[in-house]
Every structure is written in C-alpha cells, then in structure tokens.
Amino acid sequence: MSPDLMSDPSPLQPFADAPLPAVGLDTRLARTAEVAFQSLGEETVIVLPLTRTLHVLNATGRFLWEALDRPRSVRELAARLIEAYEVAPAQAEADVLAWAAELKRQRVLVDG
C-alpha cells in the first residue's frame, strides 16, 4: 500500500494549473526560504506567505519534509521512506517523485 503524502489539497493553490516540473531521482530538493511551517499532531501545515498557499502534509509527507532539513535528492528521500515505511523501492520512488513535483509546482520546494 502506498503512503498518501499529502492530505486533501487546499483550495488556495494558485499554481495548480501550472505544468508539473521535471523531477528525477537525482534531483536535489530544498525547502523554499520563504516557507513557514507548523507541525500539528501528525500533520504539518506549510504556508507560503507571498501567495498564502496552504499545504497540509500527513505523517508520511511530514517525514519527508523533516528529512529536507538540508538539501537531499529524491533518491535519498525514497531510501529513507523505504527504510521507515517498508514500501517497495519502485513505489517509494514513484511516491516521492509525485510529491516533489507537486510541491515544486506549488513553489514549496526548489532545486537544492
């Protein structure tokens, strides 16, 4: 079973119509400097002050977010997900690629 990385999307997504950016296994990711975030129980709320865009990450998304305490590649994030959640490597890579592409589109993650 694939872990769901984001809760229901917020209605405040100004970049939802933008194309998904290209993200590969070797893409290094970093948090956007302008992002504000707060952990609430098992979820993390991410807010971009410039656009007032809200993102709610569940426990798995929060796990990946916390792993981005420094820039890391998608491959590194997938390896951490495999270790923590015991998911198949192909599934972990696909999930992290999709998660990273969406958060890059929303300008929450940038190339690091």
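- One hydrophobic cluster, built from ILVMFWY side chains closer than 4.5 Å, cannot hold both Leu103 and Val110; they sit in different ones.
- Sequence neighbours left out, the pairs with a member in residues 61-81 that pass ring pair (Phe, Tyr, Trp, His ring centres under 6.0 Å) are Phe37-Trp65, Phe63-Tyr85.
- Taking Glu76 as the reference, Arg28, Ser73 meet the side chain to side chain donor-acceptor pair (under 3.5 Å) condition, with sequence neighbours excluded.
- Between Leu57 atom CG and Leu40 atom CG the span is 11.0 Å, to the nearest 0.5 Å.
- Residues passing the side-chain contact (heavy atoms from CB on, under 4.5 Å) test with Ile82 are Val87, Pro89, Ala92, sequence neighbours excluded.
- Looking at every heavy atom in both residues, Lys104 comes nearest to Asp111 through NZ-OD1, 2.6 Å.
- The salt bridge (Lys or Arg N to Asp or Glu O under 4.0 Å) analysis of residues 80-91, with sequence neighbours excluded, yields no pairs.
- Applying the side chain to side chain donor-acceptor pair (under 3.5 Å) criterion to Thr27, with sequence neighbours excluded, gives no partner residue.
- Shown here for Ala30 and Gly112, the closest heavy-atom pair between the two residues is CB-CA, 3.9 Å.
- Heavy atoms only, all atoms of each residue included: Thr32 and Arg107 are closest at OG1-O, 2.9 Å.
- A donor-acceptor pair under 3.5 Å is absent between the side-chain atoms of Thr44 and the main chain of Arg62, judged by distance alone.
- Partners of Leu68 according to the side-chain contact (heavy atoms from CB on, under 4.5 Å) rule, which considers only residues two or more places apart in sequence or in another chain, are Leu29, Arg31, Arg72, Leu77, Trp99, Leu109.
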